[in-house]
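What's counted below: heavy atoms across the whole structure, side chains too, no hydrogens, waters or symmetry copies. Here, residue 1 is the first one in the sequence, and each next residue gets the next number. Since we're looking at a predicted model, the values are computed, not measured.
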Amino acid sequence: TNGEGEDLSETVSVLSGVPVRIAITGHGEVIREPDLQTYPLGSEVKLTARALGEESFRQWSGVLETTDNSITITVDSALSLTAEFSIPPAGTLLWQYPNANHNQALSEDGILYSNSRMGISAFDTATRTLKWRKIHPGDAHYWEGSYPLVAGHDALYIDTNETVQARDLATGSLKWQRPNMAGGATIAEIDASRLAAKIVDRLLVIDTRDGASVLSTETSAYSPFVVSSDGAIYTNQLAYDSLLVPLWPPATFAVDSKAQGTDGTLFGFSSQFVVAIDRLTGQRKWQVPFTREPSSLAVGPDETVYATS
């Protein structure tokens, strides 16, 4: 206001109190209680450091040095602290979760799904807590060799000794199931709306929404199998497109569902050899001898092939 008149400024927020500044080194987070921008002098704030991934909390440094991950401090001035996280030495046991004879699948958000005689369960690897468990009915008729599969429509798809099931990822509740007829099935995701399933002597394409068969063909091939990015289905010895039309004649190797190169090369085993297969033709690109017949393969980020027997 002056002799020329008056003018109003925009409304502004004025913060009272002092800040508590938190820095983080490593992979972790800090939870404040209460979570405020500034704190009144003399007030208290609880700080909890929580490690993420494979790292562990190391210590607080700054105005307070302690290895306790949860601390309560009195705000008597502007404060600065650092929560330090570090990666434990290689081979350190991070945590363990009892689940006898379990077969597992890990989702992108870090939830570990298990299928075993003890039941079907979901375990949060970040918080190390059990999200849910569903006990199998009867006397554990579930095939020990079956694997859960995380796929589309927010569902966990599981093959058992008697059924193929879809369960809700968040709660474990049953969405649908269909009979296996006999023996365990093997399943793989084609896309969000379709699964490939090998049940007894038939290869099926299944609708993920209700479990209904979309396509079916008789086959002598058996698991394991893998589905490529273009929807082609590769079993041991045989390959099909997503319409179940054979791509190439029967071969003499078994592909491994965990072993696929970035260029689409399939890796498998035949007798006492590890083999690389051209997925378009079924021809061997190379083979190397192995001391015993391999049982499983894995491909590292640098395309190194690891084999176990």
Within 6.0 Å of CZ in R279, more than 12 heavy atoms from elsewhere
yes
Take atom NZ in K285; do more than 12 heavy atoms of anything else shown fall under 6.0 Å from it?
yes
Can you get from [X] to [Y] by hopping between Ile, Leu, Val, Met, Phe, Trp and Tyr side chains that sit under 4.5 Å apart?
{"X": "I233", "Y": "V245", "result": "yes"}
{"X": "V63", "Y": "Y39", "result": "yes"}
{"X": "L106", "Y": "L130", "result": "yes"}
{"X": "L52", "Y": "F57", "result": "no"}
{"X": "L64", "Y": "L41", "result": "yes"}

Kindly say whether [Y] contributes a backbone atom to a donor-acceptor pair with the side chain of [X] at under 3.5 angstrom?
{"X": "T82", "Y": "G62", "answer": "no"}
{"X": "W132", "Y": "I120", "answer": "no"}
{"X": "D278", "Y": "L280", "answer": "yes"}
{"X": "T125", "Y": "G110", "answer": "yes"}

Going from [atom1] on [X] to [atom2] on [Y], what distance comes out if it is rounded to the nearest 0.5 angstrom?
{"X": "L174", "Y": "I158", "atom1": "CG", "atom2": "CD1", "result": "9.0 Å"}
{"X": "L79", "Y": "L81", "atom1": "CG", "atom2": "CG", "result": "6.5 Å"}
{"X": "W60", "Y": "N69", "atom1": "CH2", "atom2": "CG", "result": "8.5 Å"}
{"X": "L247", "Y": "T281", "atom1": "CG", "atom2": "OG1", "result": "10.5 Å"}
{"X": "Y113", "Y": "S107", "atom1": "OH", "atom2": "OG", "result": "4.5 Å"}
{"X": "T72", "Y": "L47", "atom1": "OG1", "atom2": "CG", "result": "7.5 Å"}

Nearest heavy atoms of [X] and [Y], plus distance in Å:
{"X": "V30", "Y": "I22", "value": "CG2-CG2, 3.8 Å"}
{"X": "I111", "Y": "A122", "value": "CG2-CB, 3.9 Å"}
{"X": "L203", "Y": "L244", "value": "O-CD1, 3.4 Å"}
{"X": "V275", "Y": "I277", "value": "CG2-CD1, 3.8 Å"}
{"X": "A188", "Y": "V227", "value": "CB-CG2, 3.7 Å"}
{"X": "T208", "Y": "W176", "value": "O-NE1, 2.8 Å"}

Taking the side chain as every heavy atom from C-beta outward, state whether R167 and Y157 have any pair of such atoms under 4.5 Å apart.
no
Got R50 and T127 here, is their nearest side-chain heavy-atom distance under 4.5 Å?
yes
Would you call the rings of F267 and W286 parallel, tilted or perpendicular, taking 30° and 60° as the class edges?
tilted
By side chain to side chain contact (heavy atoms under 4.5 Å, CB included) - contacts of R21 (at least two apart)
P19, A78, S80
[X]-[Y] side chain donor-acceptor pair, cut-off 3.5 Å:
{"X": "D263", "Y": "T265", "answer": "yes"}
{"X": "R58", "Y": "T25", "answer": "no"}
{"X": "Y240", "Y": "T219", "answer": "yes"}

